[in-house]
Amino acid sequence: MKQYDFKQMEKRWQRKWAEARAFAAQDFATDRKKAYVLVMFPYPSGDIHMGHLRNYAIGDVVARYRRMQGYNVLNPMGFDAFGLPAEQAAIDRGVHPREWTNQAVSTYRRQLIAAGISYDWDRMVNTSEPAYYRWTQWLFLKLYELGLVYKKDSPVNWCPEHGVLANEEAADGTCWRCGRPVVRRQLSQWFVRTTAFAEDLLAGLDELPGWPERIRLMQRNWIGRSEGTGVIFEIPALTESIEVFTTRADTLFGVTFVSIAPEHPLAERLADIGGTREDLAEFREKVMRQTSIDRSAEEREKEGLDLGVTALHPLTGREIPILAADYVLMEYGTGVVMGVPAHDTRDFAFAKKYGLDIVRVIEPLDAEDDILPYTGYGVMVNSGDLDGKSSSEGIALLNQRLAGAQLGGPKVQYKLRDWLVSRQRYWGVPIPLVHCEKCGWQPVPEEDLPVLLPEEVTFSAGDTARLANNPKFVSAICPRCGGPANRETDTLSTFMDSAWYYLRFCDPHNDRAPFDGSKIEYWMPVDNYIGGKEHTVGHMLYSRFVCHSLHRAGIIKFKEPFRNFFSQGILYKDGAKMSKSRGNVVSVDHFLEHYGADTARMISLFWGPPDRDVEWQEGGVEGCARFIKRAYGFFAEVWQQVSDAPQPPDQVKSQTAREILRIRHLAVKDITASMDEWHFNTTVSSLMIFLNQLTEVWQEAPAEVQQDNENRALMKEALLALVKLLSPMAPHLAEELWALADQEGFVMHAAWPTYDERHLKQKEIEYGITVNGKLRGRITLPATVTENRARDAALADERIRKQLKGRKVMRVIVVPGRVINIVAK
RNA sequence: GCCGAAGUGGCGGAAUGGCAGACGCGACAGACUCAAAAUCUGUUGAGGGCAACCUCGUGGGGGUUCGACUCCCCCCUUCGGCACCA
């Protein structure tokens, strides 16, 4: 039997594909439908492992399948190349981030090619190159033009020695470099107003039936729409009033105090009036010191401070105290909350601690449940003329009443926050804004883009504001008045780079615009977006936001970039996610060296359904490697016998021929179905079954049967079908066999085989016979059997008669082609 | 706490109302071999029986149905996401 030498053969096909530009997508092809298949592009670090490969294999199987179905496929890849680890490597090893990044990019690319992934590399993008980030800056300025960019104070993790830290650098509340405690410090930073599209982003989810429901749900929860009531509290000591948001207007009569976030600007003014200025400063200091860890500590006692000022209850006119409270979030709602101790757990604990009044205003419907705080709905009491109304009636009436009195009314609140895009880092896209003493912040004119990231940089330990320390970079001219100005020295979050890269793939070399409108129209939206669920609310939401805004600006015609989303599972090993830091990676290079790309692709899909997390199993690897060897050996041997067979006749006579025909059509049916459902693990099974059945039918046949022209003709067709069906999963093997069979072109461009139900029919079918649902026997019946005959045959079966002895047959149910159930008492 | 996903042989998994365990791994037995590896053949859910066969079996409990891994209700476990959201 001929041996399959994967090392040499895989290399050869990869070269031939590249030479023929076999993976190239064709802009504007009208003879075929387009299919845009996209796997989330990676941050390039080190090299890829089998966990990554599984994701790329999923996308590649889809892309190759679509090509064979006749689609014009766009299957691109690029690199999210800005970001922290490169800067880290620079500090640790003294390599320039660009060099480090480019090194990683070329390794990734080499490995992806070696795995036979069919990317159109002519379209590769690298977000750290000026040719790309120029247009990231353009995008930022578009958002700026649309009034969606603004600056505000926001806290950062701050280490006195190392400056601003990312969350993962301050994970346990101490600096990862020096171990000093991390404090929160206010810094003026750039934000993008994602909240302006909250309603659109929410509504858009309903038009994405191709997204898994749980992913849509996560986005929905993240946007966090909540309907309620705005309530205005007048503050007699101040000419201003404050507004709160509540979903429980029915508890309004139970409000006994108002709490405000300590960092709220108004808190300071209130403290001035109340004479508690210093107390507030101290309190605020204390709260700001709390790292995220302290904040999330369970059952942490709430702390507050009476500011010494009162507000007026909008309905009763009673004076109620205003307190600063650490459980009130500046970022949500108005940063001010009404306190209803009787019906809110937090307010209750808070009121107990600070001796505030507790007034019950809701009676539960179930009198048993009569302990405070009672947070459920019920009947209103102590609420003036609203006594006796239900919670929902009360909410409706109070909405009306407050609106009528100009004291608030119905309001919708979102949990979604604006997008913080400033990073105090070097290795990122410079924010294209300059600050002029006279004219304030000014956008860099489009024709002056890109604002180049200076290549010279020193990575001394210490603060991270490397651009701010570069006078050549900082000094600029105000585009408005021509006077001296300073450049913004923050860079953009890499989420901005990745929020639009899928658009750039449609037109990656355009140097006059980020993309050509007609190309975008042709390719977008992405038909199958494949990636990890960890990006569900970050990247996926920002990308949607960018398209919604570009749509509003009239630049693109669609709002939703990803028609279908497939959330791939994670590969685990030794109970943990495969990652370099865990030291449990299986290197792709190592695996390819031992088993080759086809085995790597197959096993990574065979482990389990692609959307499910799976555990690395050494065992299955051998199975796939063996399958590939057997497929090659069987094909090479049998092809010699059948290659010169004549065309098969229209009507097949011999039993062997009919069986080969049936096996082939069944395989096409099963494999097509599992591909369509993305159940690639069962695709692999079906391929194995197909080969097993062909082997069996052929090897058991005597020589004269193998020499029969009809049988040979059908075997030849079956073998060619096998090669095509193998092609998406094991493309190198398939090409090798295709060439061995002397077929034209690449099998990857051949048409996907079809099947005909007529050939699936068997003359005889084995039925299971069950008595009261339990299997008691089997019987083989002609496929054309009538229900009556099937029933009689089942009842006549000896085993069944024994089972039924002494029992009375009540009913018999015949399920055609499957089972006969006898109901007996 | 809230939301979501998942629990099937020794292992990965298959079957979404019709013969549970396809396919693969592992294990056992056999063939080839001086021997081993590789390869091939057979067996392999558990328990009972010399056997033909019988009983049990998809996290647990209940229900619907002629029939439930599959649908409904309650519970348990594991894993993910969010978490002072007013």
Side-chain angles (χ1 to χ4, degrees), chain A residues 1 212-215 217-218 220-222 224 226 228-229 231 244-248 251 259 295-300 302 325-329 331-340 343-347 349-350 413-417 533-534 536-537 567 569-570 572 575 602-603 606-609 611-624 626-627 629-630 633 670 674 679 681-692 695 699 766-779 798-799 802-803 810-824:
Chain A
M1 210 188 250
E213 187 49 43
R214 67 176 191 287
I215 301 291
L217 199 68
M218 275 168 77
R220 232 173 251 134
N221 292 341
W222 190 260
S226 125
T229 307
V231 186
V244 304
F245 174 75
T246 178
T247 52
R248 293 299 303 273
T251 64
S259 350
R295 278 225 165 197
S296 61
E298 267 181 63
E299 287 170 40
R300 190 181 56 88
K302 326 245 174 268
D326 63 355
Y327 70 88
V328 180
L329 304 173
E331 303 87 3
Y332 184 71
T334 58
V336 190
V337 172
M338 65 184 207
V340 189
H343 305 291
D344 182 280
T345 343
R346 290 158 304 174
D347 293 345
F350 198 68
Q413 192 60 241
Y414 299 92
K415 216 148 69 181
L416 182 70
R417 304 197 184 145
K533 20 190 178 294
E534 68 273 20
T536 309
V537 285
S567 154
I570 297 165
Y572 284 81
M602 270 192 131
I603 187 56
F606 191 45
W607 277 319
D611 54 349
R612 208 186 299 174
D613 294 346
V614 294
E615 176 80 21
W616 168 271
Q617 290 253 120
E618 193 63 46
V621 176
E622 284 300 334
C624 290
R626 252 175 248 169
F627 168 77
K629 273 184 232 159
R630 272 196 299 125
D670 286 351
S674 60
H679 291 172
N681 53 327
T682 59
T683 307
V684 176
S685 297
S686 299
L687 284 167
M688 289 172 169
I689 292 169
F690 188 22
L691 179 66
N692 290 347
T695 309
Q699 282 176 352
E766 193 184 42
Y767 279 76
I769 309 172
T770 57
V771 177
N772 293 334
K774 285 201 196 308
L775 182 72
R776 297 299 180 197
R778 289 173 210 283
I779 191 170
E798 201 165 321
R799 248 180 94 193
K802 225 155 80 182
Q803 277 286 334
M810 310 298 290
R811 239 175 110 183
V812 179
I813 290 130
V814 179
V815 183
R818 294 193 172 266
V819 74
I820 301 158
N821 187 31
I822 298 161
V823 187

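Just so it is clear, the structure is predicted and the values come from calculations on it, not from any experiment. The figures here come from the full heavy-atom set of this structure, side chains too, leaving out hydrogens, waters and symmetry mates. By convention in this document, chain letters (A, B, ...) are assigned in the order of the sequence lines, proteins followed by strands, and residues within each chain are numbered from 1.
- Of the C1' atoms belonging to B:A22 and B:U44, the separation is 15 Å, rounded to the nearest Å.
- Within 4.0 Å (heavy atoms only), A:Glu766 reaches at least one base atom of the nucleic acid.
- If you take CG of A:Asn821 and C1' of B:G17, they are 12 Å apart, rounded to a whole angstrom.
- At a threshold of 4.0 angstrom between heavy atoms, the contacts of A:Arg214 are confined to the sugar-phosphate backbone, with no base atom among them.
- To the nearest 0.5 Å, the span separating OG1 on A:Thr770 from CD1 on A:Ile822 amounts to 7.0 Å.
- In this structure, A:Lys415 and A:Tyr332 have side chains that are in contact, with non-hydrogen atoms separated by less than 4.5 Å.
- Comparing B:G24, B:G4, B:A14 by their closest approach to the side chain of A:Leu217 singles out B:G4.
- If you take atom C1' in B:U77 and the same atom in B:G61, they sit 15 Å apart, rounded to whole Å.
- With distances taken from any side-chain atom of A:Met688 to the nucleotides B:G24, B:G13, B:G18, the minimum falls on B:G24.
- Minimum atom distance to the side chain of A:Met218 is reached by B:G81, of the listed B:G81, B:G13, B:G18.
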- [ ] Start with the C-alpha gap between A:Asn681 and A:Trp607, add the side-chain angles, then the distance that decides, and say whether side chain to side chain contact (heavy atoms under 4.5 Å, CB included) holds.
- [x] CA-CA 7 Å; A:Asn681 53 327; A:Trp607 277 319; over 6 Å; no
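- Partners of A:Asp670 under the salt bridge (Lys or Arg N to Asp or Glu O under 4.0 Å) rule, at least two apart in sequence or in another chain, do not exist in this structure.
- By the 6.0 Å contact criterion, CZ on A:Arg818 is open, its count of non-hydrogen atoms from other residues, nucleotides or ligands being 12 or less.
- Nearest-nucleotide assignment on RNA chain B puts the 5′-proximal partner with A:Pro609, out of A:Pro609 and A:Met338.
- In this structure A:Arg214 satisfies the side chain to side chain donor-acceptor pair (under 3.5 Å) test together with A:Ser567, sequence neighbours excluded.
- In this structure, the NZ atom of A:Lys302 is 15 Å from the P atom of B:A83, given to the nearest Å.
- Between B:C79 and B:U65, the two P atoms lie 38 Å apart (nearest whole Å).
- Nucleic acid contact for A:Val823: sugar-phosphate only, since backbone atoms but no base atoms lie under 4.0 Å from a heavy atom of the residue.
- Shown here for A:Val819 and A:Tyr767, the closest heavy-atom pair between the two residues is N-CD2, 3.8 Å.
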List, with names and distances, any nitrogen or oxygen atoms from the protein found under 3.5 Å away from nitrogen or oxygen atoms belonging to nucleotides 60-65 of chain B.
none

Open item on the list: Show me the dot-bracket string of RNA chain B, counting Watson-Crick or G-U pairs under 3.5 Å, with | for pairs to another strand and [ ] for crossing ones.
Closed with: (((((((..(((.....[....)))((((((.......))))))((((....))))..(((((..]....))))))))))))....
Open item on the list: Under the criterion side chain to side chain contact (heavy atoms under 4.5 Å, CB included), I'd like the reasoning laid out for A:Phe627 against A:Val684: C-alpha separation, chi angles, the key distance, then a yes or no.
Closed with: CA-CA 10 Å; A:Phe627 168 77; A:Val684 176; over 6 Å; no
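- For A:Asn692, whose side chain is taken as the heavy atoms from C-beta onward, the closest listed nucleotide among B:A14, B:C23, B:A5 is B:C23.
- In this structure, the NZ atom of A:Lys533 is 10 Å from the P atom of B:G81, given to the nearest Å.
- When the P atom of B:G9 is taken as reference, atom CD of A:Gln617 falls 14 Å away, rounded to whole Å.
- If you take OG1 on A:Thr682 and CZ on A:Phe606, they are separated by 9.5 Å, rounding to the nearest 0.5 Å.
- Comparing the P positions of B:U8 and B:A14 gives a spacing of 11 Å, expressed to the nearest Å.
- A:Asp347 and A:Asp344 make their closest contact through N-OD1, 3.0 Å (heavy atoms, listed as atom of the first residue, atom of the second, distance).
- Remark: A:Thr246 engages no residue in a side chain to side chain donor-acceptor pair (under 3.5 Å) (not counting sequence neighbours).
- Atom-to-atom, CD of A:Glu331 to C1' of B:C85 comes out at 10 Å; the value is rounded to the nearest Å.
- Across B:G24 and B:G13, the matching C1' atoms stand 9 Å from one another, rounded to whole Å.
- In this structure, A:Asn221 places its CG atom 14 Å from C1' of B:G1, rounding to the nearest Å.
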Where do N or O atoms of nucleotides 47-54 of chain B meet protein N or O atoms at under 3.5 Å, pair by pair?
{"from": "B:C54", "atom 1": "OP1", "to": "A:Gln803", "atom 2": "NE2", "distance (Å)": "3.1"}
{"from": "B:C54", "atom 1": "OP2", "to": "A:Arg799", "atom 2": "NH2", "distance (Å)": "3.1"}

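- In this structure, of B:C85, B:A86, B:A5, it is B:C85 that holds the atom nearest to the side chain of A:Lys415.
- Annotation: side chain to side chain contact (heavy atoms under 4.5 Å, CB included) contacts of A:Asn692 (sequence neighbours excluded): A:Arg630.
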Please list, for nucleotides 20-22 of chain B, all pairs of protein and nucleotide N/O atoms separated by less than 3.5 Å.
{"from": "B:A22", "atom 1": "N1", "to": "A:Ser685", "atom 2": "OG", "distance (Å)": "3.3"}

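- For A:Glu622, the side chain to side chain donor-acceptor pair (under 3.5 Å) criterion is met by A:Tyr595, not counting sequence neighbours.
- When the C1' atom is compared between B:A83 and B:G45, the two are found 43 Å apart, to the nearest whole Å.
- If you measure from atom CZ of A:Arg612 to atom C1' of B:G12, you get 10 Å, rounded to the nearest angstrom.
- Look at B:G9: its glycosidic torsion is within 90° of 0, and that puts it in the syn range.
- Comparing the P positions of B:C66 and B:C75 gives a spacing of 28 Å, expressed to the nearest Å.
- Contacts of A:Glu798 classified as salt bridge (Lys or Arg N to Asp or Glu O under 4.0 Å), with partners at least two apart in sequence or in another chain: none.
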Look for any protein N or O under 3.5 Å of an N or O in nucleotides 38-46 of chain B and output each such pair with its distance, or none.
{"from": "B:U39", "atom 1": "OP1", "to": "A:Arg626", "atom 2": "NE", "distance (Å)": "3.4"}

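- Side chains of A:Asn821 and A:Val815 form no contact here, defined as non-hydrogen atoms less than 4.5 Å apart.
- The distance from the CD atom of A:Gln617 to the CD1 atom of A:Ile603 is 8.0 Å, given to the nearest 0.5 Å.
- Listed candidates were B:G18, B:G12, B:C85. Nearest to the side chain of A:Trp607 is B:G12.
- Considering every non-hydrogen atom in both A:Arg248 and A:Met338, the closest pair reads O-CE, 3.8 Å.
- Map A:Gly620 and A:Ile822 each onto its nearest nucleotide of RNA chain B; the residue landing nearer the 5' end is A:Gly620.
- Between A:Cys624 and A:Met688, the shortest heavy-atom distance links the atoms SG-CE, 4.4 Å.
- Residue A:Tyr332 contributes atom OH, which lies 5 Å from atom C1' of B:C85 at whole-angstrom precision.
- Taking atom C1' on both nucleotides, B:C11 is separated from B:G7 by 16 Å, rounded to a whole Å.
- Evaluation of the side chain to side chain contact (heavy atoms under 4.5 Å, CB included) rule for A:Asn772 yields A:Arg807, A:Val823 as partners, not counting sequence neighbours.
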